[in-house]
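Reading through the C-alpha cells given below for one structure.
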Amino acid sequence: MTAARTERPAVAGAEQDGSESDVVLRLEDLVVEFPAGGGQTVHAVSGISLEVHRGETLGLVGESGCGKSTTGRAIMQLPKPTGGKVVFEGRDITKLSASELRELRPKLQMIFQDPISSLNPRRRIPDIVGDPLVVWGRGAEKEKIVPEVLSAVGLDPAQVADRRPHQFSGGQCQRVSIARALVLEPEVLICDEPVSALDVSVQAQILNLLEDMKARYGLTLVFIAHDLGVVRNISDRVAVMYLGKICELGETEALFDDPVHPYTRLLVSSIPSMETVTGADIEKADRGRGEMPSPINPPSGCRFRTRCPLADERCAAEVPEMREVRPGRYVACHHPILEPVGAAAAAEGA
Amino acid sequence: MNPHGGDLAAEGTPRSGGVLVMGTDREAVSFDPTVQNTNQAALAVYDSLLKFDENGVAQPYLAESMETPDGGRTWLMGLRDGVRFSDGTPLDAQAVIINVQRHIDKTSSPGHLYAEQITGMRAVDPQTVEFTLAQPFGSFPATFALNFTAGNLGAILSPAAIQQYGDEVGRNPVGAGPFVLTDWVRDSRMELSRNPNYWQQGMPYLDGLEFRPLPDTETRYASIENGDVDLIFGGYHTELLRGMQNPNLTVYYGPGHGAEYLYFNHQRAPFDDHRMREAVVRGIDLGALAATQFRGQMAAASNWFGGDSAYTSPEADAAWPAYDAERARQLVQEYVAGGGSATVQYKTTNAPNRVAFAEFLQAQMAAIGITLEPQFFDLAQYSSSVVQSHDFQIAGWVGGPQEVPYPAVTNLMRTGGNANYGSYSNPEVDTLLDQAAASTDEAERTRLYQQVGLVTNQDIAVAYYSRGYLSTVAKPEVKGVVRYLTRDMFFATTWLDR
Amino acid sequence: MTHARSDEGVAGGEDVLGAGVLERIPDGSDLLTAEDIVVRFHTKRGVVHAVEGVSIAIRAGEVLAVVGESGSGKTIFTRRVMGLISGGNGTEVHGTVTYDGTKLTELSGKELSKFWGAEIALILQDPMTSLNPVKRIGEQLTETIVLHKRVTKKEAQQRAVELLRSVGLSEPERRVRQYPHELSGGMRQRVTIAIALSCNPRLLLADEPTTALDVTVQAQILDLLADLQSRLRMAMLLVTHDLRVVRSRSDRIAVMYAGRIVETAPTPELFAEPKMPYTEALMNAVPPIAGPNHIRLQVIPGRPPDLVNPPTGCKFSPRCPYAQEKCLTEEPPLREAGSADHQYRCWYPVGSEEGLKAKARNVERGRSAAGTP
Amino acid sequence: MPETTTTTTTTVTAEPAVAGAANGTDTAKKVRRAGRAGIGWYIAWTWLGAVVLAAIFAPLLPLWDPAIPDYTNVFGGITPQHWLGGDTLGRDTLSRVIYGARASLLVGICAVGLGALVGGTLGMLAGYFGGRTERFLSWVTDVVLAFPGLVFIIAIVAILGSSLANLIVGLAILSVPTFIRLSRAATLVVAQREFVQAARAYGSSPVRIIFREIAPNVVLPVAAYGFIMIGVFIVVEGSLSFLGLGIPPPTPSWGGMIAAGRTELLNYPHISLFPAAVMFLTVLSINYIGERVRKQFEVKESNL
Amino acid sequence: MADTMATTPAAPATAAGPGGGTGGVSRGTKRKYALRRIRKRLTHLLLVLLAVTFLSFVVVDLLPGDAAVVVAGDNATPEQVQQVREDLQLDRPVLIRYVDWLGGVLTGDLGSSFRTGQPVAEALAQRIPVTFEITIVAQVLALLIAVPLAVWSAYRPGRLVDRASMTLGFGAAAMPNFVFGMVLIVLFAGGVSSILPATGYTGFFENPLENLRSIILPCLTLMIAEAAVYRQLLRSDMTSTLQEDFILMARSKGLSPMTILFRHALRPSSFSLITLSGVNIGRLLGGTVIVETLFAIPGLGQLIVQAVFNRDYMILQGALLFVAVAYVVINMLIDLLYLALDPRVRRDA
C-alpha cells in the first residue's frame, strides 16, 4: 500500500507553538448528560477539557457511544452542555443568551455524518446553500457568494441550480453541506463523521476537499470520526475518547505510533491487520475483553478498567487525572505504557 | 277497517295464551300518570276508570258509573265491588282520591289542568267518590278517559304502591289493569304478565305482553314484516300506507279529530295579517302534498274536527280557503306592496319526514312569492326554544287524532291555552270554548264546537292541511284489538289466533 | 452428508460445533459453484442490472471474500446464491448454483428451505436488525435446531446454551432468556453467528458481518469467525466493502464492480499484484494507518455507476485513470493472469506494459478517454 | 397514549439501486404492482375529476333546478327527461346528485383543510418544542378524543345552528387530534434530521425552522392522509344525515339524499341508490388514490 | 363521532437507548421511577377526566333548550315548567351543579335521570354490557377477517387476494354504515330472506342463541368498515416488517413461510393495529349510535344521544364519565399490551 502517495503537504497546524493566544476554542470540564428511559441518566460526556489551536485539525476519535459526537454538538450548543465551559474566542459561550449565541453562530459551523439527511429534500441546492445568508440578512449577496462557494467545493453552480438533494449522490450532497457550512466563512468547523456514510472511493474526495477548504478559508477543524485511518490522516492532534472521557491526547503520528493509554493501544491494534492471520496469531492477540459498558452506568474510577489488562484496585477506586507524560502528550491512566514503541504499531510501520 | 280496533264479534272465540310482542315508536318514560310522557303500556297496567266509546263519549269502564246531579258542578263516581289492584289493595274511593290528589298537587302533571278545577273530593261510601268543582264542567268525565299522554285522571295506582315507592312509583307501577309489569330493560324491552286477579272474568286472554322500543321507522316496519314483532305502533303515514298495501298485515287507523297543521304566530309579522295566513293556506297544493308526502293517500283537513264529525259544519268548511295559487300570489303581493316582508323562517323538528315536508313547503311557498327559510331543531330544543317561548313566525306541528274536542281544542284555541303556541286570541272563541267545556248537554256542546270551528276557520287560526295518522299495524292473527285513535290500547280483549 | 449427523452432538459435549467434521468433503474440492449468475430487476425506471454474469466456486473449507462498494451487486449476488432471491414478478434470474452436486437453482422453495440453516447459513451486517426484536434469544436459536434436527425442545435448549458458550458469550444460561435489545452489538453478532452455526452448516455466507460494529469489536468478531471457520472446516463467503478486513482473513478475493466480477485472485496475489485499476484504486483510496499524516489521498473520481444505464464498454472506464477509447466501447472479458486462479477484466491492466502506456498517455493529455482529469 | 417514536435509518451505504434490498424481489413486485394498478389509478382520477368538474360547473350544465319539485315526477323512474329519475318531491335526481357533490365535497375538503391546518401546526409545535407544549397538546388531544364526537356535533349544531359552515367547523375540530398526532410524528422524524440541526447551527430562529425546514416535509404526509380523510368526512356527513344532523335542506348532499330516500328503499330504491352509488364511487376513488399517495409519504418510511 | 371516523395509529416506542447498554439499574430505582411514571400518568388522565366532564357540563348548559321544559312536556304551562326547574335544581349556577355532581361521583352517587328517575348507575349498568358485547364481537370479527387477509396480502403483494381485499376494503370504507345496515336488513331480515331478526336485543344470559342471532347484523354492520381499515393498516406494517433483516434471517434458517409470517412478522407488525383497535373500542363504547338506532339495540350510544336530545344532564354526565374512563382505561391497557408484546418497551417502563 505504498503506491501513489503524494508527499505530505506543507500546511500542518501542528507546528504552531500552542500559546494561549492561538487557542481558538477551549473546553473546560465539559459535561453532557441527558435522561434515558427508566429515570436513568446517560453520562454521555463526563468532564473533558481540550484546547483547539487556530488553524489546526483536532481529531476526536473513539467507538460509538463514547461521546465524541455529543462533544461536537455541545461545542455548537446544540443542545447546551450540562456543565463546564466552552470558551470560544475568549468568551464562555455556554453563558450567552440566545441572541448573543446567535450572533456567534456564523463563526462556528458544523457538518454532519449523513449527507442525505443533512439537506432539506424539499429545497433546491442554491436555496440550501444560500439560506444562512438569508438568515443573516445577506440575502442580496446570495447571487454572488453561493456560486463561488459551490465552485469551491467542486460543484458546477449552473448544473445544480434547479436541482434538489435527491438528484445527487452522497458525495455530492456532502459537498453541498460543506458549501453551506462555509458560506458564512466560519472560523471553526466541526466535522461530525463527515465521511463515514460514504463509499471508500468517494470518501477520499471529501477528505481532500476538506483539506483544501481548510487551507483556502483558514479554518480550524474539529474532526470527529471513528475511523482511525481517516482521523490519523487528517488530524494534527488527536484526542481519544472512551466512555465520555478523554483518555489520551497528542500529536497524531506519535500517538498512533506509540500509544500510551491501554485503550489507545487496543484501538490501534484492532485496525484490521494487513498481515495474514493464523490461528496461532489469534490465540496471541489480545483483543481486549468485551465491549464498552453503557454510559448510563459507567464503571467507577477509570472507565476503561473493565476491559483493561493492566487494571488493579486503584483503577476502580480512583479516577485517573489527565497528565502530560511527554511533551504534548497527555494521558489519563494509572498505568501508562511508557516503554518506547508499541509492538502493534511497530509491525504496522515496518 | 275500524279505527278503534277489530270487530270483536266477528273474530271468533278468543283463545287464551301467548305473548304479544309489540314494537313501539319510542321508549316510555314512566308509568306515573303525573309524569308527562307517551306510554303505550300504561293502560295495560291500569285500565282506565272511564273509556271513550266509538262516538267519543266517556263511558264507565273500570268505574261503574259517572253522574252529575247538578249540571256539571258535582260529580259522583261509582266504583265496582271487589276490584283489587294487583298487589291486593282494593280499588276504592280512597284510592281514587289519593290518585287525583297527586294530579292536583303536582303542577307539572299533565292532568293538573283538569284536576285543579276540583275543589273537593269526598268518599261518600267506600265505592263512591264525590267530586266538587269550582264551576260546572260538562266534559269532566272525559278527563278520566283520556289517553295517557294527554293526562288521564282515570289511571289509578295502588295507594300502597304510592306509599311504598314514592317518586319511584313510575318504575314500579301497581294498577288494576289486565297485566302486571314484570321486567323493564330500558330501550330494550318491557315485559308484562297476566294479572290473575283481573276484574273482568276470563280476561285477559294473553299470557303476557312485550313492548320493544324500535325508534327507527324503517327497521320498525322491517320488524313486523320479518315477524320479529306481532304489532307495531306506527308513528307516520309511511307505515300506515305500506301496511295497507301488504295483504299479510292488518292496519287500524282513523282520522278522528285533530290534524297536521302549521302554527301561525299571530303576534308577529307577517302572520298577524290575515292576508298572509290566507295566502299560505291557498298556496299549499294539497294534491301535490298528497303525491309527495302521502303517496297519494292523504285526507285533507280543513278543520280541527274530522269530516264525519258532528262538531264540524258545512259553514265552517266553506269558510276555509281553497287552494288557489293565483289568489295567494295576489295576497302576498298586496302584503308586500303594503311594506311587509314575505321572507319568513319556518321552524320545525329535524325528524326525517318533517324535513321532507319543510322542503315541500319551501317549494310551494316559493311559487306564491313567499321565501321560506327552514330551520330544524331537535325535539327538546324545539319544545322549549321555539314553541313554548313563542319564538317563531310559522312552525310545523302534528296534532294526532283525538277522540274528543275537550281538552284539545281549548288548549289550542283559547287565549293562553297551553298548546296555543301561536298566541291566537279571539274573545268570542274563548267564550264558546268555556261554555262548551262546562256544558253537559251534548246538543249544546255540538253547536258550540261547530261555532268554534267556523270562527277559527274564518280567522285562519292555524293552517290545517292533513288529518293526523297514528296507526296500529298488526299481523292478522292478532285479534280483539281495542284502541284509541292515539293508539293507546286496552289489552284485556286482545288474543292471538295461533 | 448423511442423516446420521442429525442425531449427535447435542448432549452438551465441550465442542458442540465440532460434530460431523469428519464427514465433510475434503478441502479443496468445490462445495458450491455459481455459474453465470444474472439478477435483473424490472422497475419503472428501467431494468436494474444488479448482477451480470458472475461465476464463482467456493471450495470446501476456504474463505472466499467478495469485495465491492455499495451498488456493486455483492449482496444481491450472495442472496441469489443462497436462493433467497428468486425469479418472477419483475425479477429476472439466470445461471445455476450447484451445491454439493445439487442444483439449488432448480429446487422449489420448500426444497430449498431444507438447505437453509442446515447446510448453508447466513449472517447479516447489522445484528440489531437481523434478530427479531420481540423474541427471546433462546427461541430464535432453538427454532432452527428443532426445525432441522430431530431433537426435543429441551435438547435444543441445551444445545442453544452450548452454542452461545462456544461463540464466547458469557452467562449463556441467562442470555437465552434475554431479548436482543438487552445485548450489546458485539454480543448480538455473536448470537447471530451462533444461530447460523447451530446446525453445523458447511457454508456460511457472511454479508458484511462487521460493518456495523466498532473497530475493537470488529476485530473480536473477525477473530471468532476465523477461529470457528478453521476449526469446523467450514467454507465461508465473506462479503465486505473493506479490503483491509479481508486481507488477513480470506483465501481468495473476488472484487465486484457494477454487478460484475472485475478481478479475482488468491488474497496475497491480489494485494501484491492487482491487475484491475479499480482494485488498485480501492486499495489506495483508504487512508494509510502508518506513515505521515496529511497525505493527499488518491481519489477515484466520479461516482459509482447507475445500474439502470451502466456505461458501455468497461464499467469502470468513466472513472479509470487508464481508460482509453477501447475501454469506452468494448467490455473486457475476464482474463487470466498467469493462473486460472487470478482473473481480471481489463484491457490495460495495472503493472503491464499496455497499462503503463495507457496511463502515461492519459497523464500527457491531462484526461482519460472518458474525459476525467 | 403511547409515545410515538419513529426512527429513521437512512444509510447511503445501502444498495441504492434496489431500495430495500433485504428482499430484492419485493421491490420489483411493488413496481409491477404499481404498473398494474395503472388502470385503476386512471379510472379513479377520471371519475374524481368528472365529479369535481361537474360540481364546479353545475350551474352551467343543462340540468333541472335541483330545488324545484315536479309533482309529476314524484318517485319517477328513469326517463329521457330525468336520467336518474326523480326523488320524493319529484326533483331531478341527476341534478341533485351533481349539486349534492358541491356540498359533500365542500364538507370533506373544508373540514379536512381546516383540521389539517390547525392540527398540522399544533403538531409541529408539539413535535419541535416538546416539553410543556407537547404535554399541553397531548392533554387537549386526549380530552377531544375522550369526548364522544357525536355529542360534540350535536352540541355544535344545537348551539350554533345547523349549517354547512358549522358542520365543517365541528368535523374539523374532531379531526384536529388526528392531525396533531400525525404531524407531530412527522415532525419528530424531520426534526432529528441533520438539516434541522444545520439550520439551528447557522442561527435560524425556531419559527423559521418550523416553517421553512420542517413544514415543507410535514405537509406532504399530512396532505396525503388528509386526502383520505376527505373521503372519510364525505361518508361521515352521510352518517350524520341519518341522524338528522347533516347538511340542512334544501341544499342537496349525498348523505342527505340517501337518508331522505331511505323511507322508500323497498318501493323506490333508486332514490337512495343513485346518490349512494355516486358517493361510493367517489370515496372509493379518493381512497384508491389517497392510499397510493399516502404510501409515498408514510411517516414511518424514511423517504421523506 | 359517526362510526366511520378513522383515527391515526400511533406507532409504539421502539427506541433502544444509547449504547444499547447492558447496564442494569437497581430494582429499587426502577420501581421508584415506575411509580413516579404511573403517578404522572394518572394525574394526566385525571385531568383529562375532569376536563371532559366539566366540558360536557358547560356544553349541555350552553345548549339551547331546557331540561325542565322537556320533562314538563309540550303542553306544560310556564308555572309547571318553573316547578320542574326548581325540583331539578336547574336554577342554580352551572359551576355549583358541577361541583355537586362531582361530589356525588366521589361518593359513588351518579344521580338519577331527570326524565325517568332511573338511577344513572342502573341505566349505565343496563347499557354497558350490551354495547360492550357488540363492540367486542365486532372487533374480534373485524380482526379475524382483517389479520389473515392482511398477512396474506403482504406476503403476496399485488396478487388476487391483495388486490381484491384492497378494493373491497376501499369500498367498505366508502359507504356510511347505515347503508350497510339497511342492505343487511333487506338481505337477511325481511326483504330477501328472514333468517335473522331485524331488531331487538336478547341478553346473553337470557338466551345465548337468540343473543347471537340478535347481534349478528349489528356486529356485521360495525365490523365491515373496521375490517377494511385494519387490513390496510396491518398490511402496510407487515410489508415494512417483511423487509426487515430479521425476516431474511428467518428465511435463511429454512423456516416455513407460515412460521415466518405468523410467528416472526405478525407480532412486531401489530402495534399500530393494536393502538387503532383500542382507540376504536373506546370510541365505539361511546357511540355506536347509528347501529343501535337502526337495530333498536339498547346501548350506550342511544342513551347518550337521547340524553342530549332530552337535556338529561345526569344521564349524559354519567355516560360521558364512563366513556372518558373507558378511553383512559383502554389506553392504559394498550400500554400494558405493548409491554407484553414488545420487550423493548418493557425496559423503559
Side-chain angles (χ1 to χ4, degrees), chain A residues 1-9 11-12 57 63-65 169-172 199-205 207-208 211 226-230 232-236 252-253 256-257 266-277 279 281-282 285 287-288 290-292 294 307 345 348-350, chain C residues 69-72 170 184-187 210 212-224 226-227 230-231 241-250 267-268 271 274 278 280-304 319 321 350:
Chain A
M1 297 267 287
T2 50
R5 292 283 181 212
T6 52
E7 270 314 296
R8 181 181 178 182
V11 202
T57 299
E63 295 175 278
S64 50
S169 69
Q172 285 169 307
D199 266 324
V200 196
S201 63
V202 180
Q203 172 177 309
Q205 300 172 7
L207 289 173
N208 286 350
E211 294 271 28
H226 68 272
D227 186 316
L228 296 160
V230 168
R232 188 187 185 288
N233 195 53
I234 201 164
S235 312
D236 301 306
T252 307
E253 283 176 48
F256 274 79
D257 292 347
L266 170 67
L267 214 51
V268 171
S269 72
S270 295
I271 300 170
S273 163
M274 290 315 235
E275 298 302 302
T276 308
V277 178
D281 292 338
I282 293 170
R287 297 298 189 201
E291 294 167 55
M292 196 159 73
S294 156
R307 299 171 70 188
E348 194 69 36
Chain C
E69 294 180 279
S70 349
S72 63
S170 60
S184 67
M187 284 154 88
T210 59
L213 303 174
D214 275 316
V215 60
T216 57
V217 183
Q218 164 172 301
Q220 294 168 9
I221 294 295
L222 287 173
D223 286 349
L224 173 69
D227 175 48
S230 66
R231 267 204 295 147
H241 67 277
D242 189 346
L243 263 176
R244 286 184 310 185
V245 164
V246 294
R247 163 117 203 209
S248 57
R249 319 231 176 224
S250 63
T267 306
F271 278 89
Y278 176 64
E280 183 195 35
L282 211 52
M283 290 195 259
N284 291 345
V286 182
I289 205 67
N293 58 356
H294 292 298
I295 284 195
R296 187 123 192 118
L297 297 170
Q298 188 184 323
V299 162
I300 306 176
R303 52 198 279 196
R319 307 174 74 188
V350 180

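Reminder, nothing fancy here: chain letters follow the sequence lines and each chain counts from 1.
- Only the side chain of A:Gln203 comes within less than 4.5 Å of a heavy atom of chain C; its backbone N, CA, C and O stay farther away.
- With a 4.5 angstrom heavy-atom cutoff, A:Leu207 touches chain C only via side-chain atoms.
- Between C:Thr216 and A:Arg307, the closest heavy-atom pair is OG1-NH2, 3.3 Å.
- The pair C:Asp242-C:Arg247 fails the salt-bridge criterion, with no side-chain N (NZ, NE, NH1 or NH2) lying under 4.0 Å from an Asp/Glu carboxylate O.
- Residues C:Leu297 and C:Pro287 form a side-chain contact, since some pair of their non-hydrogen atoms from C-beta on lies under 4.5 Å apart.
- Note: A:Ser201 leads A:Ala204, A:Ser201, A:Gly171, A:Gly229 in heavy-atom pairs under 4.5 Å with chain C.
- Per-residue counts of heavy-atom pairs under 4.5 Å with chain A were compared for C:Gly186, C:Pro304, C:Ala281; the largest is that of C:Gly186.
- Within the 4.5 Å cutoff, side-chain heavy atoms of A:Asn208 are placed close to those of C:Val299.
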